Structure formats: structure tokens, C-alpha cells
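Everything numeric here is computed off the predicted structure, so don't read it as measured data. Each residue takes its place number in the sequence, starting with 1.
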Amino acid sequence: MSDNFYTDNDDLRFHIDQTIDWAGLFGLVEHGASAEDRPESVADARELYGDVLQEFGKYVARKVDPLAGQIDAEGTSLVDGEVVESPAFAKVFKGFRKLDMYGIPLPRELGGANMPALVYFIASDMLARADTSCMTHFGFHSALSAALVTYALRDPRSKIENGRLLSTPYDTEIADMATGRAWGCMVLTEPGAGSDLGAVRTLAVEDADGKWRLNGEKIFITSGHGQYQLVLARSEDEQTAAGLKGLSLFLVRRKLEVDGKTVDNVRIAKVEHKIGHRGSPTVSLVYEDSVGELVGKRGEGFKLMTVLMNFARVGVGFEGLGVMEASWR
């Protein structure tokens, strides 16, 4: 047993101390930042990053690792249309919120910690060593908000000054995920459309009021009970834009406020039962005239979704490192 997954990992700290270009990363994340906002030097920034990782390493060793078996045994369930997580799983994420870990790779102007994404990935490595289910769900706070930040950089509604992104059309959503009040999910897979996303059949139609309505079924959606859903749907006529060219990306909120009441905009059909990884909810979703907001331009869905997919792929790589570290030990 270890009481800190950061201090006990000589290999991890060798890379942190010897092989990472922290000066280059510091220059990128602090580009255009005022002196009063940013750390004074690369050394100060490295000390800050190290303090965060040390505190996180202590938390996952002491509070997450001992609960891994319980989280897997308790699993998840669907009760009255809502996902019920393992009580131990919920306890872990309450702790993450107190540690203020969700906003690590986000700009400080949007409520984030303004640290390199690599700091977030190192934290993910340590968390995966403790429990893969927790690491998976953890990623759907930071990755979804980071994707919205990236989309906002191309959005004319965003405010950018001196190379700093000051505000976006998604400020509320980013803040909710950065603080842990909510999370999101990436919604691609359908029955008959898994690896072949060109076969997606969920339809998105713009109505007379300019609102987009989505209809279809999605399956195997990790953390699909999230409030903020990035959904790939077919918006264009297949005769003129077949396959991937006809797909657009939509931000769909699972719950909406209508006449002072909270109502379902997306229905959770079931929780998938898995052999392992049982603490992380994986669900099927049904869209029935669900209201969505177009992200980017029509027909850009697959291109925009790859931004999120590529971020997730790097995260899965670090997840593998964490699992291998646990297995080796």
C-alpha cells in the first residue's frame, strides 16, 4: 500500500523532472497573460504544478484506491429514468470537487487553473492506477469543457484579446464542468453505426423557429447521464451529402428548464452491464425531438468531433499507463 501515488513513482517523476519541456508549455499556456495573473517564472509554475500533483497523488492513494473493489461491486443502475452511481463512486467525486481538480487544463479567464493539459494527463495516470472507472468519468468533466474551449476559438461570438480567450458562447457549460457541478459526454455510437460513423442515422432537423430537433438512439455512451452532450447527427440530405459529409455536431442538454420546471430533453433507456469497469456508467440514450444547438457549421460534425476524440485518445493512453503501473506493482 502507498499513501501517495505521486511521490512513490520514481519513473513518473523522472519524466516530470528530466524529459518534459516545461518552459515551452509554460510559454504556451501563459501566452498573453498579464504579470499579475500568471506565475512569475517557469520554476514557480513547476512548483505549483508539482504541489497540485502531490496533493492529488495523496488523495487517490488514500481515498480512491481503497474503494476500487467496492466501486466495482456496487456498479451502477437505472432507477426511475435516472442513473444511480455507486455510493463509494459518488464519495470519490465529491472529494475531487473539493480539490478543485476539474479545471486543470482550462483558461483561468473561464474559471480554470490555466495549467498545461499534461498536468491533467499525469493526474489521470495516477487516478487510473487507483481505479479505472473513476478515471474514465473524471475525463468527462475536463475533456468536454476543453473541447468547447477549442470550438469557441473558431466562433465569432467569442471574445479574444492579446491571445487570451476571455469569453465564449459556452461560458455557463464550461464553468459547470470546471467546478464539477456537471459533466458531459461524447455521443457517437448507434446500433449498426459503431466504427463506421458514416452510417449514423440519428436525424437533426431545423424547425421554423430555427431550433434543431434530434431523433434517434445512441448506445454505449460513457458517462451518458451527463448534462452536456456533444452529439453527432445527420443534418444534411444523404443524396447530396452522404456518409461523414452529412453529419453535424450538436450541443444537447439532457435536462431543460421549461415554465419553471426541469424536464427531460434526452431519455436514458438503460444502463449497460459490463464485465469490468462497472463503476463508470455506460448508457443508451433516446432522442425524441430533443432540442440541440448547432456547434460550428453544418457538415463539420465529424471534423469537430475528432477534436474531442483525439483528446480522449491521449487520455486513454495515460489510462493504460496507470493500469499497467497498478498491474506491475
Discussion item. I need the Glu161 CD to Ser167 OG distance, nearest 0.5 Å.
Written reply: 8.5 Å
Worksheet entry | 4.5 Å side-chain heavy-atom contact, Phe26 and Ser41 | no
Fill in: Expected output: side-chain Arg234 to main-chain Val200 donor-acceptor under 3.5 Å
yes
Worksheet entry | same_hphob_cluster(Val187, Val286) at 4.5 Å side-chain heavy-atom cutoff | no
Discussion item. My understanding is that only one of Arg38, Arg164, Lys159 makes a salt bridge (charged side-chain N to carboxylate O under 4.0 Å, His left out) with Glu109; could you say which?
Written reply: Arg164
Worksheet item: What residues, two or more places apart in sequence or in another chain, satisfy salt bridge (charged side-chain N to carboxylate O under 4.0 Å, His left out) together with Glu85?
Response: none
Worksheet entry | Geometric class of the His141/His137 ring pair [parallel <30°, tilted 30-60°, perpendicular >60°] | perpendicular
Fill in: Atom pair CD1 (Ile16) and CD (Gln18), whose distance is rounded to the nearest 0.5 Å
11.5 Å
Fill in: Gap between atom OH of Tyr170 and atom OG of Ser158 - 0.5 Å precision
7.5 Å
Item to complete: Determine, using the 4.5 Å side-chain heavy-atom cutoff (strictly less than), whether Val266 and Val263 are members of one ILVMFWY cluster.
Response: no
Discussion item. I need the single residue from Tyr6, Phe96, Phe5 that forms a ring-ring contact (aromatic ring centres under 6.0 Å, His included) with Phe56. Which is it?
Written reply: Phe96
Discussion item. Tell me every residue that passes side-chain hydrogen bond (donor to acceptor under 3.5 Å, both in side chains) with Asp11, counting only those two or more places apart in sequence or in another chain.
Written reply: none
Response to the item:
Separation between CG (Asn265) and CG (Asp289), nearest 0.5 Å, reads 9.5 Å
Worksheet entry | Exam field: side chain Arg129 to backbone Glu319, donor-acceptor pair closer than 3.5 Å | no
Item to complete: Check the angle between the aromatic planes of Phe121 and Phe318 and answer parallel, tilted or perpendicular using the 30° and 60° thresholds.
Response: parallel
Worksheet item: Linking I/L/V/M/F/W/Y whenever their side-chain heavy atoms sit closer than 4.5 Å, directly or via other members, would Ile268 and Leu188 fall into one cluster?
Response: no
Worksheet item: Does any N or O in the side chain of Ser145 come within less than 3.5 Å of the main-chain N or O of Ser142, such that one atom is a donor and the other an acceptor?
Response: yes
Item to complete: Decide yes or no on side-chain contact (heavy atoms from CB on, under 4.5 Å) for Ile122 and His15, but give the supporting numbers first.
Response: CA-CA 10 Å; Ile122 293 170; His15 287 288; over 6 Å; no
Discussion item. Taking Asp209 first and then Lys211, would you say they form a salt bridge - that is, a charged N and a carboxylate O separated by under 4.0 Å?
Written reply: no
Response to the item:
Rounded to the nearest 0.5 angstrom, the CG-CG distance for Asn114 and Asp37 is 8.5 Å
Worksheet entry | Closest non-hydrogen atom pair between Ser133 and Gly279, with its separation | OG-N, 3.2 Å
Worksheet entry | Name of the residue among Thr222, Thr132, Thr136 meeting side-chain hydrogen bond (donor to acceptor under 3.5 Å, both in side chains) with His277 | Thr136
Worksheet item: Which of parallel (below 30°), tilted (30 to 60°) and perpendicular (above 60°) describes Tyr120 and Phe138?
Response: parallel
Item to complete: Take Glu173 and Leu144 through the side-chain contact (heavy atoms from CB on, under 4.5 Å) test and state the conclusion after the steps.
Response: CA-CA 9 Å; Glu173 292 82 359; Leu144 263 291; over 6 Å; no
Practice prompt. Answer yes or no: does atom CD of Glu82 have more than 12 heavy-atom neighbours from other residues, nucleotides or ligands under 6.0 Å?
Written response: yes
Worksheet item: So does Lys270 have more than 12 non-hydrogen atoms from other groups sitting under 6.0 Å from NZ?
Response: no
Worksheet item: Is the shortest distance from a Lys or Arg side-chain nitrogen in Lys58 or Glu55 to a carboxylate oxygen in the other one below 4.0 Å?
Response: yes
Worksheet entry | Shortest non-hydrogen separation from Thr7 to Asp10 and the atoms involved | O-OD1, 4.5 Å
Item to complete: Say whether Val316 and Phe220 are linked into one hydrophobic cluster, either directly or through other cluster members, by side-chain heavy-atom distances under 4.5 angstrom.
Response: no
Worksheet item: Is a side-chain N or O of Glu190 found less than 3.5 angstrom from the main chain of Thr202, in a donor-acceptor match?
Response: yes
Practice prompt. Mark yes or no for whether Ser327, through its side chain, and Glu325, through its backbone, hold a donor-acceptor pair below 3.5 Å.
Written response: no
Fill in: Asp72 side chain to Arg278 backbone, donor-acceptor under 3.5 Å
yes
Discussion item. Tell me the closest heavy-atom pair linking Pro105 and Ala117, and the distance in Å.
Written reply: CB-CA, 4.0 Å
Worksheet item: Ser248 and Trp212: side-chain contact (heavy atoms from CB on, under 4.5 Å), yes or no, with the steps?
Response: CA-CA 11 Å; Ser248 296; Trp212 287 91; 5.9 Å; no
Practice prompt. Run the salt-bridge test on Lys297 and Glu300 with the 4.0 Å N-O cut-off and return the result as yes or no.
Written response: no
Worksheet item: Which heavy-atom pair separates Val29 from Tyr49 by the least distance, and what is that distance?
Response: CG2-OH, 4.1 Å
Worksheet item: Is there a donor-acceptor contact under 3.5 Å from the side chain of Asn4 to the main chain of Gln54?
Response: yes
Worksheet item: Would you call Glu272 and Lys274 a salt bridge, using N to O less than 4.0 angstrom?
Response: no
Practice prompt. Could you tell me whether a side-chain N or O of Lys218 sits under 3.5 Å from a main-chain N or O of Tyr287, the two making a donor and an acceptor?
Written response: no
Practice prompt. List the atom of Pro87, the atom of Glu74, and the distance in Å for their closest heavy-atom pair.
Written response: CD-OE1, 3.2 Å
Item to complete: Mind checking the NZ-NZ spacing from Lys261 to Lys255? Nearest 0.5 Å is all I need.
Response: 14.0 Å
Worksheet entry | Working for side-chain contact (heavy atoms from CB on, under 4.5 Å), residues Met126 and Leu53 | CA-CA 9 Å; Met126 294 188 291; Leu53 290 171; 3.9 Å; yes
Worksheet entry | Heavy-atom side-chain contact between Val92 and Ile71 under 4.5 Å | yes
Worksheet item: Can you find a heavy atom in the side chain of Phe250 that is under 4.5 Å from one in the side chain of Leu230?
Response: no
Worksheet, complete the sentence: Nearest heavy-atom approach of Arg254 to Gly226 is CB-O, 3.5 Å
Practice prompt. Would you check if the side chain of Thr150 reaches a backbone N or O of Ala146 as a donor-acceptor pair within less than 3.5 Å?
Written response: yes
Item to complete: Count the heavy atoms belonging to other residues, nucleotides or ligands that lie under 6.0 Å from CG of Asn162, then report whether that count exceeds 12.
Response: no
Worksheet entry | Any Val64 side-chain heavy atom under 4.5 Å of Leu127 side chain | yes
Worksheet entry | Salt-bridge criterion met for Arg253 and Glu293 (N-O under 4.0 Å) | yes
Discussion item. Could you check whether Asp176 pairs with Arg181 (Lys NZ or Arg NE/NH1/NH2 to Asp/Glu carboxylate O, under 4.0 Å)?
Written reply: yes
Worksheet item: Less than 6.0 Å separating the ring centroids of Phe140 and Tyr228?
Response: no
Fill in: Joint hydrophobic cluster, Val307 plus Met186, side-chain heavy atoms closer than 4.5 Å
yes
Discussion item. So that I can tick it off, tell me whether Arg298 and Glu236 are bridged by a salt bridge, with the cut-off set at under 4.0 angstrom between side-chain N and carboxylate O.
Written reply: yes
Discussion item. Closer than 3.5 angstrom, by distance alone: can the side chain of Asp8 be matched with the main-chain N or O of Asp3 as a donor-acceptor pair?
Written reply: no
